[in-house]
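The structure under discussion appears below in the form of structure tokens.
Order of appearance sets the numbers: ligands from 1, and atoms from 1 within every ligand.
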Amino acid sequence: RKIAIEIIDETGSTNTDLLKRAFALSSPTMLLARRQTAGRGRGGKVWHSAPDASLTFSLAWPFLRPAAELAGLSLVIGVSLARSLRELGVLVTLKWPNDVLKDGKKLAGILVERSSEPNRQAPDKNWVIIGIGINLQLPDELETQISQPAAEALWLSNMDKNLLVATLLNQLVGTFTQFESDGLAAFVTSWNALHAYDRKKVIVFRDGQPKHSGMVVGIDEYGRLILEENGNRTAFSAGEVSLRQD
Ligand code: BTN
């Protein structure tokens with residue numbers, strides 16, 4: 001299957017660009033920008049940028065799986081990023097739902113969005129825009145902007161940057177194919193093994209308020225976080241709550 005790869009110097013947001021174009025795409029497309037001026041994170045947050053600071057790209061990919069299952073896709077992408085980085089000798093963990101951590105600090109973020117307009121050539125498929133941002137460097141100007149002070153970077157050479165992009169694309173395509181046939185279920189064990197908070201005590205926040213505290217016992221086949229509190233198990237959906245280690 002052919003994938004179009006576009007590399008540009010600068011844009012607002014590669015996710016916004018592909019969202020606008022998704023209805024007209026005729027093949028899966030990767031858009032990589034050397035710099036974003038209006039990078040977006042989850043929950044309306046800003047993905048900050050400075051020259052060469054992060055690797056920022058998006059992929060537009062058609063899936064036959066029902067839209068309801070696409071929440072699990074962002075978890076699956078975390079596994080894919082972790083596998084890619086491990087190939088380059090970088091060990092990372094995941095923080096539910098989809099932060100990638102290095103030494104316990106955020107290294108990369110994932111933003112999955114769905115195109116609402118049907119694609120002209122494949123209207124039966126769900127075209128999903130998968131945006132990935134990986135910190136490469138942390139210049140002072142950036143560290144002061146990032147609200148989450150705990151950020152890590154990869155500090156790669158140019159050669160290794162190219163290798164990283166190639167490795168990621170290769171891993172992601174394999175992951176999408178497996179997700180398309182088997183869904184999130186095929187990744188649950190791998191995801192749990194990578195979870196930074198596996199078997200740890202955490203506090204669950206809803207609307208910024210601490211609401212539950214208990215032990216993380218894993219994610220289920222819907223991608224919900226399962227918390228054990230006084231012998232009772234509760235499932236939380238991504239987007240509703242956030243986690244902090246107790
Ligand atoms: C997060 O951690 O909240 C997700 C961050 C996602 C950032 C990437 S960078 C490439 C793509 N384009 C964007 O505007 N956002 C994503």
- Between K211 and E240, is there a side-chain N and carboxylate O pair less than 4.0 Å apart? no
Present, as a list of atom pairs with distances to 0.1 Å, all nitrogen or oxygen contacts under 3.5 Å between ligand 1 and the protein.
residue	atom	partner	partner atom	Å
ligand 1	2 (O)	K106	NZ	2.5
ligand 1	3 (O)	R42	N	2.7
ligand 1	12 (N)	T14	OG1	3.2
ligand 1	12 (N)	Q36	OE1	2.9
ligand 1	14 (O)	S13	OG	2.7
ligand 1	14 (O)	R40	N	2.7
ligand 1	15 (N)	R40	O	2.7

- Query: Can you check whether N135's main-chain N or O pairs, donor with acceptor, with E152's side chain at less than 3.5 Å?
  - Reply: no
- Message: Within the 3.5 Å criterion, strictly below it, is a donor on R42 or S74 matched to an acceptor on the partner's side chain?
- Response: no
Could you list the donor-acceptor pairs under 3.5 angstrom formed by side chains in residues 171-179, with sequence neighbours left out?
residue	atom	partner	partner atom	Å
Q171	NE2	E87	OE2	3.2
T175	OG1	S80	OG	2.8
T175	OG1	Q171	O	2.8
T177	OG1	V173	O	2.8

- Item | Single-linkage hydrophobic cluster W96~I203, side-chain heavy atoms < 4.5 angstrom | no
- Are the side chain of D207 and the backbone of Q209 linked by a donor-acceptor contact shorter than 3.5 Å? no
